[in-house]
Chemist: 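Provided herewith is a single structure, encoded as structure tokens, for subsequent inquiry.
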Protein chains: 2
Amino acid sequence: MKTERLRKLRAAGWKVGTTRDFLNLSDEEAMLVELKLTLADALKLTRKKRGMSQIELAQRMGSSQSRVAKIEAGDASVSFDLIIRAFLAAGATRQELQRAFSIKEKVAA
Amino acid sequence: MKTERLRKLRAAGWKVGTTRDFLNLSDEEAMLVELKLTLADALKLTRKKRGMSQIELAQRMGSSQSRVAKIEAGDASVSFDLIIRAFLAAGATRQELQRAFSIKEKVAA
DNA sequence: TGAGTATATGTCGTATTTGACATATACTGC
DNA sequence: GCAGTATATGTCAAATACGACATATACTCA
């Protein structure tokens, strides 16, 4: 795992220690976190592709700019439900959502 | 949409009226519900394929049999996070999870 | 540089989701 | 029919996620 991603995890409030500690999380937990970050990145991309601001997206989904920011930052307080809602509200199709789920880490640790 | 699925939605506590009403839900909301039910079905299949009882799965994921039952029933009180957690705890790979996301309705309404 | 816009971060009261428990129903072999 | 096992349903206190707000920081363009 790259240092940058680790930094991002910590910044987002995840209880992550060293790389070693992270690897010691149960596979499920690790995969869950990875999935969320992957979706968060995909959401950000989708939103920008549509030339949409966080405020616009927030309005579309009945939320607030700050929460959208947290979603995209992979904040620990954000659920899958909210990410997926945001994704769909950003205009993504089910197929795009599915594709986002399949994107793996760009770089192996 | 088939009547059976509609019945299932109501039974699960979703605020669903007639087929017409359902179709009037925002596309996002409808897709969200559909996705949850799809995942719920896939989870049940995965669990049974591994010869696992709801109690076993519950223990693996630190939850209870009743909640696993609700997950598989597509209960309205269950989040994506919990479904995905269950899915992974049932031993599904990320690829299987992704595949589950891609499964569409078997029958068009 | 500064104004204008976009995004990030921290906090909080409220709403939703949770595991746990009790208990009901379904299924299976006898 | 009756056990024994699996699954379903209802409820609730505690945990978590939520939108909202304030405010900080970043980015653009003149």
Side-chain angles (χ1 to χ4, degrees), chain A residues 4 7-16 26 28-29 32-33 35-37 39-90, chain B residues 4 7-15 28-29 32-33 35-37 39-90:
Chain A
E4 166 57 17
R7 187 205 58 73
K8 199 173 173 186
L9 282 173
R10 281 210 205 81
W14 296 97
K15 303 241 166 33
V16 177
S26 74
E28 287 90 20
E29 205 58 34
L32 221 67
V33 174
L35 272 175
K36 282 196 182 181
L37 291 179
L39 281 185
D41 288 349
L43 164 65
K44 194 163 190 168
L45 217 71
T46 298
R47 175 178 65 77
K48 293 209 161 183
K49 212 175 279 178
R50 321 250 176 190
M52 203 181 298
S53 72
Q54 289 186 344
I55 290 187
E56 286 181 89
L57 177 55
Q59 285 169 342
R60 270 177 204 258
M61 58 186 290
S63 183
S64 61
Q65 178 269 325
S66 60
R67 195 131 290 273
V68 170
K70 283 179 222 282
I71 296 172
E72 294 186 352
D75 191 283
S77 81
V78 174
S79 71
F80 264 109
D81 297 62
L82 197 62
I83 303 177
I84 295 175
R85 257 199 194 85
F87 210 75
L88 296 178
Chain B
E4 166 57 18
R7 188 205 58 73
K8 199 173 173 187
L9 283 172
R10 281 210 204 81
W14 297 97
K15 303 239 165 34
E28 287 90 19
E29 205 58 35
L32 224 66
V33 174
L35 272 174
K36 281 196 183 182
L37 291 178
L39 282 185
D41 287 349
L43 164 65
K44 194 164 191 168
L45 217 72
T46 298
R47 175 178 65 77
K48 293 210 161 183
K49 212 175 277 178
R50 322 251 176 189
M52 203 181 296
S53 72
Q54 290 186 344
I55 290 186
E56 285 180 89
L57 177 55
Q59 286 168 342
R60 270 178 204 257
M61 58 186 288
S63 183
S64 60
Q65 178 269 326
S66 61
R67 194 131 290 275
V68 170
K70 284 180 223 284
I71 296 172
E72 294 186 351
D75 190 283
S77 81
V78 174
S79 72
F80 264 110
D81 296 63
L82 197 62
I83 303 177
I84 294 176
R85 257 198 196 86
F87 210 74
L88 297 177

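Residue numbers begin at 1 in each chain, while the letters A, B, ... track the order of the sequences.
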Chemist: Expressed as a whole number of angstroms, how long is the span from Phe80(A):CZ to dT16(D):P?
Modeler: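 It works out to 17 Å between those atoms.
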Chemist: Tell me whether the OP1 or OP2 atom of dA8(C) has a side-chain N or O from Lys44(A) closer than 4.0 Å.
Modeler: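 Yes, such a contact exists.
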Chemist: Salt bridge or not for Glu29(A) and Arg85(B), using N-O below 4.0 Å?
Modeler: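 So Glu29(A) pairs with Arg85(B) through a salt bridge.
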Chemist: How would you label the contact of Arg47(A) with the nucleic acid (heavy atoms, under 4.0 Å): base, sugar-phosphate, or nothing?
Modeler: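 If one applies the 4.0 Å heavy-atom cut-off, Arg47(A) turns out to touch the sugar-phosphate alone, with no base involved.
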Chemist: Kindly give the heavy-atom pair with the smallest separation between Ile71(A) and Ala86(A), and that separation in Å.
Modeler: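 For Ile71(A) and Ala86(A), the tightest heavy-atom pair comes out as CD1-CB, 4.1 Å.
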Chemist: Considering only side-chain heavy atoms of Leu82(B), which listed nucleotide, dG19(C), dC18(D), dA8(C), is closest?
Modeler: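 Ranking dG19(C), dC18(D), dA8(C) by closest atom to the Leu82(B) side chain puts dG19(C) first.
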Chemist: Starting from P on dT9(C), measure out to CD1 on Ile71(A) and report it in whole angstrom.
Modeler: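 Result: 14 Å.
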Chemist: Just the rounded figure in Å: distance from P of dA8(D) to CG of Leu57(B).
Modeler: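 Distance check: Leu57(B) CG to dA8(D) P gives 12 Å.
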Chemist: May I have the distance from Asp75(A) (atom CG) to dG10(C) (atom P), rounded to whole angstrom?
Modeler: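 One finds 9 Å between P of dG10(C) and CG of Asp75(A), rounded.
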Chemist: Look at the side-chain N and O atoms of Ser77(A) and state whether any lies under 4.0 Å from the OP1 or OP2 oxygen of dA17(D).
Modeler: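 No, outside the criterion.
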Chemist: Has Gln54(B) got a side-chain N or O lying under 4.0 Å from the OP1 or OP2 atom of dA8(D)?
Modeler: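 For dA8(D), OP1 or OP2 has a side-chain N or O of Gln54(B) closer than 4.0 Å.
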Chemist: Report which part of the nucleic acid Ser64(B) touches: base, sugar-phosphate, or nothing (heavy-atom distance under 4.0 Å, all strands).
Modeler: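 The answer is base, as Ser64(B) lies within the cut-off (heavy atoms under 4.0 Å) of a base atom.
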Chemist: Just how far, in rounded Å, is P of dA26(C) from CD1 of Ile55(B)?
Modeler: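 Distance check: Ile55(B) CD1 to dA26(C) P gives 18 Å.
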Chemist: Do Phe80(A) and Leu35(A) come close enough that some side-chain heavy atom pair is under 4.5 Å?
Modeler: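 Yes. Closest side-chain heavy atoms under 4.5 Å.
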Chemist: Record whether the side chain of Lys70(B) comes under 3.5 Å of the base of dG10(D) through a donor-acceptor pair of N or O atoms.
Modeler: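 Such a pair exists between side chain and base.
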Chemist: Within this structure, what is the CZ-to-C1' distance between Arg50(A) and dA6(C), rounded to whole angstrom?
Modeler: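 Spelled out: CZ on Arg50(A) to C1' on dA6(C) is 20 Å.
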Chemist: Categorize Val68(B) for me: base, sugar-phosphate, or nothing, with a 4.0 angstrom heavy-atom threshold over every strand shown.
Modeler: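 Result for Val68(B) = nothing.
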Chemist: Does Gln65(B) or Ile83(B) map to a spot on DNA chain C nearer the 5' end, using the closest nucleotide for each?
Modeler: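 So the residue in question is Ile83(B).
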Chemist: Taking NZ, NE, NH1 and NH2 as the nitrogens, is one of them in Arg67(B) or Asp75(B) under 4.0 Å from a carboxylate oxygen of the other?
Modeler: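 Result for this pair is no, no salt bridge flagged.
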Chemist: Rounding to an integer number of Å, can you tell me how far Met52(B) CE sits from dT5(D) P?
Modeler: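 After rounding, the gap between these two atoms is 19 Å.
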Chemist: Looking at Ser79(B), I'd like to know whether one of its side-chain N or O atoms comes within less than 4.0 Å of OP1 or OP2 on dT18(C).
Modeler: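 Checking Ser79(B) against dT18(C): at least one side-chain N or O falls below 4.0 Å of OP1 or OP2.
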Chemist: Return no unless some side-chain N or O of Ser66(B) is found under 4.0 Å from OP1 or OP2 of dA20(C).
Modeler: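 For dA20(C), OP1/OP2 do not have a side-chain N/O of Ser66(B) under 4.0 Å.
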Chemist: Whole angstrom is fine here: how far is it from CD in Glu72(A) over to P in dT9(C)?
Modeler: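 To the nearest whole Å, that distance equals 12 Å.
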Chemist: Can you confirm whether Arg47(A) sits close enough to Glu72(A) that some side-chain heavy atom of one is under 4.5 Å from a side-chain heavy atom of the other?
Modeler: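 The answer is yes; the side chains approach within 4.5 Å.
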